[in-house]
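This report concerns only the one structure given below.
This structure is a prediction, so every number in the text was calculated from the model and none was measured.
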Amino acid sequence: MINKKLDLLFTSWKKEMEKNGHEGFCYDGLIYRGGQEDELWASASRKILFLLKEQNDNDGEDVREWSGSINGKSPYRNFYNRISAWLYGLTHATKAGYLSASEAFDAGNQMKALSSYPYAYVNLKKQTGGAQANDKEILAHALKYQNFLREQLDILGANIVVCCGDVVFQSAKEVLYGDLEFKQVNDWIWLNKERNLILIHSFHPAALNKSNEQMYDWMMEKFIEVL
């Protein structure tokens with residue numbers, strides 16, 4: 001039902017974008033799980049959503065269909081390598097600690113997360129982009145289509161939003177959730193107590209100047225402070 005609601009929203013959103021000359025609408029939302037995605041999402045205590053910039057040369061594609069792997073044995077490139085490890089780590093972390101980076105980046109655990117864990121994937125800019133995103137364009141789209149984006153986020157109802165990049169975090173906190181008050185827990189974590197909504201100010205998963213261990217451990221160390 002969640003994705004059906006999103007599809008209805010996308011119909012209006014796509015028309016509005018085309019009216020503004022923004023062609024190539026890219027679909028996203030709750031990752032498909034063979035028809036079980038709603039049940040899995042509803043039963044998950046941590047509803048994790050990855051908020052990103054835009055698709056890369058994938059005009060008209062639907063992220064909800066993506067497996068995150070080409071060979072079925074390991075994640076595809078750095079992007080899904082980090083996404084899967086974060087998903088695995090955030091799902092299993094407790095107040096007492098978190099799983100090691102070696103466990104989170106184990107291909108078996110990564111593929112388990114990508115293939116069976118419920119999660120959502122949302123791009124701020126629904127028009128496909130190129131090899132490198134333009135942050136000014138990303139913010140402009142977030143501002144122009146903020147009502148559609150907020151409705152999408154409300155339909156999904158995630159309680160953990162991983163903001164992948166500075167402009168994504170800025171868009172989430174100041175634009176999409178601008179009506180909510182967030183308390184800064186640390187330099188990664190912001191909390192809205194009324195909705196029990198956590199924003200994680202993260203790096204983009206494809207960041208080249210950070211190791212896997214840094215990308216994972218820094219997030220987990222800060223995340224468990226809010227548990």
The criterion is side-chain contact (heavy atoms from CB on, under 4.5 Å); which residues satisfy it with Asn209, sequence neighbours excluded?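 In terms of side-chain contact (heavy atoms from CB on, under 4.5 Å), with neighbours along the sequence ignored, Asn209 is linked to Ala207.
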Residues which pass side-chain contact (heavy atoms from CB on, under 4.5 Å) with Glu37, listed by chain and number, not counting sequence neighbours: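 side-chain contact (heavy atoms from CB on, under 4.5 Å) list for Glu37, sorted by chain: Asn3, Leu30, Tyr32, Arg33.
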Checking the side chain of [X] only, and the main-chain atoms of [Y] only, is there a donor and an acceptor separated by less than 3.5 Å?
{"X": "Asn109", "Y": "Glu103", "result": "yes"}
{"X": "Asn159", "Y": "Asn196", "result": "no"}
{"X": "Asn123", "Y": "Lys125", "result": "no"}
{"X": "Asn192", "Y": "Glu181", "result": "yes"}
{"X": "Trp86", "Y": "Met215", "result": "yes"}

Would a line drawn from the ring center of Trp190 to the ring center of Phe169 be shorter than 6.0 Å?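 Ring centroids of Trp190 and Phe169 are less than 6.0 Å from each other.
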Which atom pairs, donor and acceptor, lie under 3.5 Å between side-chain atoms of residues 216-227 and protein residues at least two apart or in another chain?
residue	atom	partner	partner atom	Å
Tyr216	OH	Leu99	O	2.7
Glu225	OE1	Asn186	ND2	2.9

Intermediate values then yes/no, side-chain contact (heavy atoms from CB on, under 4.5 Å), Asp166 and His201: CA-CA 7 Å; Asp166 291 340; His201 186 176; 2.8 Å; yes
With sequence neighbours excluded, what pairs up with [X] under the ring pair (Phe, Tyr, Trp, His ring centres under 6.0 Å) test?
{"X": "Tyr27", "answer": "Phe10, Phe25"}
{"X": "Tyr80", "answer": "none"}
{"X": "Phe105", "answer": "none"}

Hydrophobic clustering (ILVMFWY, side-chain heavy atoms < 4.5 Å, transitive) - are [Y] and [X] grouped together?
{"X": "Leu51", "Y": "Tyr121", "answer": "no"}
{"X": "Leu153", "Y": "Trp13", "answer": "yes"}
{"X": "Ile189", "Y": "Leu180", "answer": "no"}
{"X": "Val122", "Y": "Tyr119", "answer": "no"}
{"X": "Val168", "Y": "Phe79", "answer": "no"}

Identify whether the distance between the nearest side-chain nitrogen and carboxylate oxygen of Glu16 and Lys19 falls below 4.0 Å.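 A salt bridge links Glu16 with Lys19.
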Salt bridge check: are Arg195 and Asp154 linked by an N-O gap of less than 4.0 Å?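 Yes, this pair counts.
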What distance do [X] atom [atom1] and [Y] atom [atom2] have between them, rounded to the nearest 0.5 Å?
{"X": "Ser202", "Y": "Arg82", "atom1": "OG", "atom2": "CZ", "result": "9.5 Å"}
{"X": "Leu40", "Y": "Lys47", "atom1": "CG", "atom2": "NZ", "result": "11.0 Å"}
{"X": "Lys73", "Y": "Gln110", "atom1": "NZ", "atom2": "CD", "result": "15.0 Å"}
{"X": "Trp41", "Y": "Leu49", "atom1": "CH2", "atom2": "CG", "result": "6.0 Å"}
{"X": "Asp7", "Y": "Ile2", "atom1": "CG", "atom2": "CD1", "result": "12.0 Å"}
{"X": "Tyr117", "Y": "Lys112", "atom1": "OH", "atom2": "NZ", "result": "4.5 Å"}

Looking only at heavy atoms, which two atoms of [X] and [Y] are closest? And how far apart?
{"X": "Lys53", "Y": "Val167", "value": "CE-CG1, 3.8 Å"}
{"X": "Val175", "Y": "Ala142", "value": "CG1-O, 3.8 Å"}
{"X": "Ser69", "Y": "Ser74", "value": "OG-O, 2.7 Å"}
{"X": "Ala113", "Y": "Ser84", "value": "CB-O, 4.0 Å"}
{"X": "His22", "Y": "Lys144", "value": "CE1-CD, 4.2 Å"}
{"X": "Ala206", "Y": "Asn78", "value": "CA-CB, 4.5 Å"}

Evaluate the criterion side-chain contact (heavy atoms from CB on, under 4.5 Å) for residue pair Asn147 and Arg150; output intermediate values, then yes/no. CA-CA 5 Å; Asn147 292 335; Arg150 175 59 182 269; 5.8 Å; no
Taking C-beta and beyond as the side chain, do Leu124 and Tyr145 meet within less than 4.5 Å on heavy atoms?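 Not in contact.
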Go through it in stages, so that I can follow the logic: the residues are Val162 and Leu90, the test is side-chain contact (heavy atoms from CB on, under 4.5 Å), and I'd like the CA-CA distance, side-chain angles, deciding distance and then a yes or no. CA-CA 10 Å; Val162 182; Leu90 291 170; 3.8 Å; yes
Name of the residue among Gln55, Gln152, His141 meeting side-chain hydrogen bond (donor to acceptor under 3.5 Å, both in side chains) with Lys126: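 It is Gln152; the other options fail the test.
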What I want to check is whether the side chains of Ser100 and Ser102 have a donor and an acceptor closer together than 3.5 Å.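 Yes, side-chain donor-acceptor contact under 3.5 Å.
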Ring geometry between Phe203 and Trp188 (parallel below 30°, tilted from 30 to 60°, perpendicular above 60°):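 Aromatic pair Trp188/Phe203 classed perpendicular.
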Would you say CD of Glu39 has more than 12 non-hydrogen atoms from neighbouring residues, nucleotides or ligands within 6.0 angstrom?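 Not buried by this count: 12 neighbours or fewer within 6.0 Å.
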Quick one, Ile31 with Leu114, criterion side-chain contact (heavy atoms from CB on, under 4.5 Å). Give me CA distance, side-chain angles, the key distance, then yes/no. CA-CA 9 Å; Ile31 301 299; Leu114 287 176; over 6 Å; no
